Protein chains: 2
Amino acid sequence: MAASSRKEQKEHTRELLLESALQEFSRKGISATTTVDIARAAGVAHGTLFLHFPTRDDLLVRVISDFGLRIGREFKRLSREGGGVREILRAHLDIVQEYESFYAQLVIAGPLLPVDARNDIFLIQSGIAYYLKKALARDIGEKSVRPVPVHLLLNTWIGTLNYYLANRDKFAPGQSVIATHGQELLDYFMSNLEPFRKERE
Amino acid sequence: MAASSRKEQKEHTRELLLESALQEFSRKGISATTTVDIARAAGVAHGTLFLHFPTRDDLLVRVISDFGLRIGREFKRLSREGGGVREILRAHLDIVQEYESFYAQLVIAGPLLPVDARNDIFLIQSGIAYYLKKALARDIGEKSVRPVPVHLLLNTWIGTLNYYLANRDKFAPGQSVIATHGQELLDYFMSNLEPFRKERE
DNA sequence: TATTGCAATGAGTGTATACTCACTGAGTGT
DNA sequence: ACACTCAGTGAGTATACACTCATTGCAATA
């Protein structure tokens, strides 16, 4: 075996635990998932989990921040330079849909999670802010969108999305809420942004 | 003593428990409040709680549905006939603000609660739907508001409000989010509803 | 080959919390 | 006055978890 075999093995187990945790959290919900569940899903002993992560909360925080990194990268990739508000929101919908199950659990359990986890979640959701700001300024500049404050657009958008995600079983039982309602929401938000035309331009 | 003294006493204790539960839930959060907390707040023995309510969930559901009734009555009182969308949303803000602490806890814990509790919450939030529908039809009729589907207005409004409530510690630390952000939100939503004026009317 | 280091194990511990039940004593009807 | 009912009590039980640690056995090193 290579000299690093042992370290590699440990690292592998660690990744396995992180991945299994993500899946269990997505499936059963964050607060309903126990350390036993995660260990079993990973195929390791219960105690092994604590060899890699001092506490359950620590594991959870790492799962979330890893998730945040993935989302951040994805967002960067999807939001091409020079896009308008519609393109940014569309990209956001696509990403949320791709990771919908975990995203929804995050929204549901979010407010009850430990502070560092909550901060990470806030950060993830603010990832869109930077791009949205640029796109909005651009659209307003070329008068394809009426002037609105970014923070209001952002908060109504995130809030609405979270609401649909948290109640996905009511809005789209057994399906993706984003797939069933995303386009409608996007169109509605864009119609809210249509510039007021002057009475006698 | 009147012949009903014993029954009256029991009823009184029951009310006391319901009231104490409401306060504890508002203060500590729903999932963080234990049956011991509630009994102590009511000044009765732990066991007494279970004499009146078979399970903690049962007590919780009753607290929520009582709350729903109060909200419903309040809403009926505040939303006078013939009001427009702005008046309805304003009334909604006023009510939410009055009961903000419990309302926020409901929004935070809501998605994790037992089904019957979740249904009650949905019902409470839908209480506004009936009035909003009428008001919107009226406003659209007299062209003071552009035509939009009720459900989209409703869901974006509720979703946004919930988002602000769930994160009130970030939006308005130590204060009422509705007091600090309510008017701004209301104005923004109304501006979204402004009719598009024809190019050359 | 012998020795050491370390990832992995899983039965065991501690704690939090919902719920029970045998008992108490004051109110109620005769 | 007496027996009976029943709201109220609180120590006790059951369960579900997160977390521990003495032990194991394989891989790295001498």
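Only this structure's heavy atoms are used, side chains among them; waters, hydrogens and symmetry mates stay out. To find a chain, count down the sequence lines: A is the first, B the second, and so on, and within it residues start at 1. For clarity, every value in this text was computed on a predicted model and none was experimentally measured.
- Looking only at distances, a side-chain donor or acceptor of B/Thr55 sits under 3.5 Å from a matching main-chain atom of B/Asp58.
- A donor and an acceptor atom, one from each side chain of B/Ser191 and A/Arg146, are located under 3.5 Å apart.
- The interatomic distance linking A/Ile38 (CD1) with C/dA8 (P) rounds to 16 Å, in whole Å.
- Residues A/Tyr163 and B/Asn155 bring no donor and acceptor atom of their side chains to less than 3.5 Å of each other.
- Candidate nucleotides D/dG8, C/dA8, C/dA18 were compared by shortest atom distance to the side chain of B/Thr34, and C/dA18 ranks first.
- In this entry the distance linking NZ of B/Lys7 with P of D/dT5 reads 16 Å, nearest Å.
- A/His12 comes within 4.0 angstrom of nothing in the nucleic acid, heavy atoms only.
- Contact annotation: the side chain of A/Phe25 never approaches that of A/Leu106 to less than 4.5 Å [non-hydrogen atoms, C-beta and beyond].
- In this model, no donor atom of one side chain and acceptor atom of the other lie less than 3.5 Å apart for B/His52 and B/Thr13.
- For the atom pair B/Leu69 CG and B/Ile124 CD1, the distance stands at 8.5 Å (nearest 0.5 Å).
- When each of D/dA7, C/dC19, D/dC19 is scored by its nearest atom to the side-chain atoms of A/Phe50, the top-ranked nucleotide is D/dC19.
- Between the C1' atom of C/dA18 and the CG atom of B/Leu51 lies a distance of 16 Å, rounded to the nearest Å.
- For B/Gln183, the side-chain hydrogen bond (donor to acceptor under 3.5 Å, both in side chains) partners two or more places apart in sequence, or in a different chain, are B/Arg90, B/Asp187.
- In this structure, A/Lys170 places its NZ atom where more than 12 heavy-atom neighbours from other residues, nucleotides or ligands lie under 6.0 Å away.
- A/Lys10 has its NZ atom 9 Å from the P atom of C/dC6, to the nearest Å.
- Within residues 55-67 of chain A, the residues approaching DNA chain D are A/Thr55, A/Arg56, by heavy-atom distance under 4.0 Å.
- A straight line from CZ of B/Arg40 to C1' of D/dG8 spans 18 Å, rounded to a whole angstrom.
- Picking from C/dT28, D/dG8, C/dA7 the nucleotide with the shortest atom distance to the side chain of A/Gln9 gives C/dA7.
- Under a 4.0 Å N-O distance rule, the pair A/Arg40/A/Glu24 does not qualify as a salt bridge.
- Proximity of residues 42-49 of chain A to DNA chain C (heavy atom under 4.0 angstrom from any strand atom) is restricted to A/Val44, A/Ala45, A/Gly47, A/Thr48.
- Near DNA chain C, meaning a heavy atom under 4.0 Å from it, residues 109-118 of chain A has no residue at all.
- Between the side chains of A/Gln105 and A/Ser26, no donor N or O sits under 3.5 Å from an acceptor N or O.
- Two end axes, each from the C1' atoms of five base pairs, can be drawn for the helix from C/dT1-D/dA30 to C/dT30-D/dA1; they diverge by 10°, to 10 degrees.
- Between the P atom of D/dG8 and the CD atom of B/Glu11 lies a distance of 11 Å, rounded to the nearest Å.
- Within 6.0 Å of atom OH in A/Tyr130, 12 or fewer heavy atoms from other residues, nucleotides or ligands are found, so the atom counts as exposed in its surroundings.
- For the segment residues 13-27 of chain A, the set of residues with a heavy atom within less than 4.0 Å of an atom of DNA chain C comprises A/Thr13, in numerical order.
- No side-chain donor-acceptor contact under 3.5 Å links A/Thr33 and A/Arg27.
- With no hydrogens or angles considered, a side-chain donor-acceptor pair links A/Glu100 and A/Ser176 at under 3.5 Å.
- None of B/Leu51, B/Thr35, B/Val44, B/Val63 except one satisfies the side-chain contact (heavy atoms from CB on, under 4.5 Å) rule with B/Leu17; the exception is B/Val44.
- Considering only heavy atoms from C-beta on, A/Arg168 stays 4.5 Å or farther from A/Thr180 through its side chain.
- Here C/dA18 presents its P atom at 8 Å from CG of B/Asp37, a figure rounded to the nearest Å.
- Within the 4.5 Å cutoff, side-chain heavy atoms of A/Ile158 are placed close to those of A/His92.
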